[in-house]
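The figures here come from the full heavy-atom set of this structure, side chains too, leaving out hydrogens, waters and symmetry mates.
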Amino acid sequence: MFQLIGEYLDSLEIEKGLSYGTLANYKSKLKALANYLSVYENIDQWDGVTFPHLRNYLKYLKEDQNKSASSRANSVSCF
């Protein structure tokens, strides 16, 4: 999963010209999602991710990590 994150970020940098700060933010959010999926959902491939998994992740961010609505929205924008 992490290799694909790197490839995705590379493509965003080249195709969209995103700033270093934006890419670093995306990397952080996507790695956190990948870690959650691995630990809590036992998923290690992106093609195994479903909408309910993403909904569970947002619930986890809200309830277990106490992330604000804007922080959760920022996470969604990355995926």
Closest non-hydrogen atom pair, Met1 against Gln45: SD-N, 3.8 Å

Pairwise distance NZ(Lys67) to OG(Ser75) - rounded to 0.5 angstrom: 7.5 Å

Within 6.0 angstrom of Glu7 CD, more than 12 heavy atoms from elsewhere: yes

Heavy atoms from other residues, nucleotides or ligands near CG of Asp64 exceed 12 (cutoff 6.0 Å): yes

Pair up each side-chain donor or acceptor in residues 25-35 with any protein partner under 3.5 Å, not counting sequence neighbours, and list the distances.
from  : atom 1 : to    : atom 2 : distance (Å)
Asn25 : ND2    : Asn74 : OD1    : 3.0
Asn35 : ND2    : Lys31 : O      : 3.2

Evaluation steps, side chain to side chain contact (heavy atoms under 4.5 Å, CB included), between Tyr36 and Leu61: CA-CA 10 Å; Tyr36 166 84; Leu61 290 177; over 6 Å; no

Single-linkage hydrophobic cluster Val39~Tyr60, side-chain heavy atoms < 4.5 angstrom: yes

Atom pair CG (Leu23) and NZ (Lys16), whose distance is rounded to the nearest 0.5 Å: 12.5 Å

Distance, nearest 0.5 Å, that separates CG of Leu4 from CH2 of Trp46: 8.5 Å

Rounded distance (nearest 0.5 Å) linking atom CD of Gln65 with atom CG of Leu58: 12.5 Å

Residues Ser19 and Thr22: side-chain donor-acceptor under 3.5 angstrom: yes

